[in-house]
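Have a look at the structure below before the remarks.
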Amino acid sequence: MSTNRLKEQTRKLIAQFCEGNDEAFAQLYDLYIQMMHSYGTKITQDEELLKDCIHDVFVKVYMKRGDKNSITNFSSYLIISLKNRLLDEFRRKTFTSEDNIDNFEYRYSTTSVEHDYLSDEHQNLQSAQVASLMQKLTRRQRQAITLYYIEQRKYDEICNIMQMNYHSVRNLMHRGMLKLREAARS
């Protein structure tokens with residue numbers, strides 16, 4: 001199907017869907033499911049996770065039925081939503097796992113081997129720099145900074161986890177950040 005014909009058919013189906021036609025939604029699903037699956041396999045090989053995320057995106061589209069008329073490029077909207085949903089799941093799995101954060105390596109597959117290589121090299125260099133800088137911190141500073149910046153925990157949660165009072169955690173974070181800045185400059 002040509003791109004213009006697909007866009008026109010999509011516009012019509014979205015209009016019908018927004019008016020309450022569930023059959024139009026089913027046709028939109030059929031039109032875009034293969035494209036989303038193909039894109040998703042470039043990000044993850046976990047077939048069940050991919051299917052769940054695709055369905056989550058379509059559920060979101062269905063639940064926000066009235067908002068879809070303002071989308072100018074529906075296929076881009078679906079792809080971006082799928083990518084964001086997969087990344088949310090990766091973050092959730094990473095931050096709730098028992099694995100050490102130092103052992104985590106995020107892999108994103110693209111069609112360009114050269115781009116992949118350069119991305120990996122850049123990421124490895126940055127990871128090595130961050131790991132080197134983090135080693136200059138005390139164990140408690142490293143734990144507090146990891147909880148706050150990597151796991152995105154609130155100070156109250158950090159206080160409970162580290163069994164410290166609020167001001168001590170703030171001071172620990174402040175001293176750790178000063179040490180990181182100083183180490184990064186040298």
Side-chain angles (χ1 to χ4, degrees), residues 1-131 134 146-153:
M1 180 181 299
S2 73
T3 305
N4 289 336
R5 186 168 173 235
L6 178 64
K7 285 182 181 181
E8 184 57 35
Q9 184 178 8
T10 300
R11 270 193 290 273
K12 288 177 183 177
L13 289 172
I14 289 173
Q16 292 171 3
F17 168 61
C18 288
E19 293 170 2
N21 183 342
D22 287 339
E23 179 60 34
F25 178 75
Q27 290 177 13
L28 282 169
Y29 181 90
D30 291 340
L31 271 177
Y32 287 99
I33 186 69
Q34 188 57 46
M35 175 197 65
M36 292 177 70
H37 187 271
S38 295
Y39 176 79
T41 57
K42 293 180 181 176
I43 297 175
T44 183
Q45 299 303 312
D46 185 342
E47 193 68 28
E48 292 305 311
L49 173 67
L50 178 57
K51 287 177 183 177
D52 287 345
C53 289
I54 289 171
H55 289 137
D56 288 349
V57 169
F58 277 105
V59 167
K60 179 181 170 186
V61 168
Y62 189 84
M63 298 304 286
K64 295 186 175 197
R65 174 184 299 226
D67 300 341
K68 297 301 159 243
N69 262 339
S70 63
I71 297 173
T72 56
N73 192 335
F74 190 69
S75 63
S76 293
Y77 174 83
L78 291 175
I79 292 296
I80 291 168
S81 295
L82 177 59
K83 179 185 78 166
N84 290 339
R85 184 69 187 102
L86 284 167
L87 291 176
D88 287 345
E89 281 300 309
F90 293 152
R91 280 187 211 103
R92 186 187 63 75
K93 284 183 178 184
T94 300
F95 296 140
T96 58
S97 75
E98 297 299 319
D99 295 339
N100 186 349
I101 192 69
D102 297 335
N103 296 335
F104 177 73
E105 179 178 272
Y106 174 73
R107 306 282 298 171
Y108 180 80
S109 175
T110 62
T111 56
S112 168
V113 174
E114 182 179 358
H115 181 265
D116 284 351
Y117 176 77
L118 292 175
S119 257
D120 286 347
E121 285 299 311
H122 181 71
Q123 188 174 0
N124 289 340
L125 178 62
Q126 282 184 332
S127 294
Q129 289 172 336
V130 168
M134 290 292 280
T146 300
L147 288 169
Y148 187 77
Y149 289 104
I150 305 297
E151 295 186 18
Q152 298 181 343
R153 306 262 183 148

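Side chains are part of it too, since the values below use all heavy atoms of this structure and drop only hydrogens, waters and symmetry mates.
- Heavy-atom minimum distance, F17 versus L28: CB-CD1, 4.5 Å.
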Please evaluate residues R11 and E8 with respect to the criterion salt bridge (Lys or Arg N to Asp or Glu O under 4.0 Å), reporting the C-alpha separation (whole Å), side-chain torsions for both, the decisive distance (0.1 Å), and the verdict.
CA-CA 5 Å; R11 270 193 290 273; E8 184 57 35; 3.1 Å; yes

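- The two residues M36 and I79 have their closest heavy-atom pair at CA-CD1, 4.3 Å.
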With side-chain contact (heavy atoms from CB on, under 4.5 Å) as the criterion, how do V59 and M63 come out once you've worked through the C-alpha distance, each side chain's angles and the decisive distance to 0.1 Å?
CA-CA 6 Å; V59 167; M63 298 304 286; 4.0 Å; yes

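- The line from CG of L82 to OH of Y77 is 12.0 Å long, rounded to the nearest 0.5 Å.
- Here the closest heavy-atom approach between residue L13 and residue Q27 is recorded as CD2-OE1, 2.9 Å.
- One finds the CD atom of E89 at 10.5 Å from the OG1 atom of T44 (value rounded to the nearest 0.5 Å).
- Atom CD of Q16 is separated from atom CG of D22 by 12.0 Å, given to the nearest 0.5 angstrom.
- Note that the CZ atom of F90 and the CG atom of L87 stand 6.5 Å from one another [nearest 0.5 Å].
- Summarising the geometry, atom NZ belonging to K60 is positioned 4.0 Å from atom OG belonging to S81; distances are rounded to the nearest 0.5 Å.
- Taking the side chain as every heavy atom from C-beta outward, Y39 and L78 never approach each other to under 4.5 Å.
- In this structure a side-chain-to-backbone donor-acceptor pair under 3.5 Å is present from Q45 to T41.
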Review item, side-chain donor-acceptor pairs of residues 47-55, under 3.5 Å, at least two apart:
from: E47; atom 1: OE2; to: H37; atom 2: NE2; distance (Å): 2.4
from: H55; atom 1: ND1; to: K51; atom 2: O; distance (Å): 3.1
from: H55; atom 1: NE2; to: Y29; atom 2: OH; distance (Å): 2.8

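- Checked against L125 for a side chain to side chain contact (heavy atoms under 4.5 Å, CB included), the options E121, Q123, Q129 give a single hit: Q129.
- Residues L86 and K83 have side chains not in contact (no heavy-atom distance under 4.5 Å, counting atoms from C-beta outward).
- Contact detail for I33 and F58: the closest heavy-atom pair is CD1-CE1, 4.5 Å.
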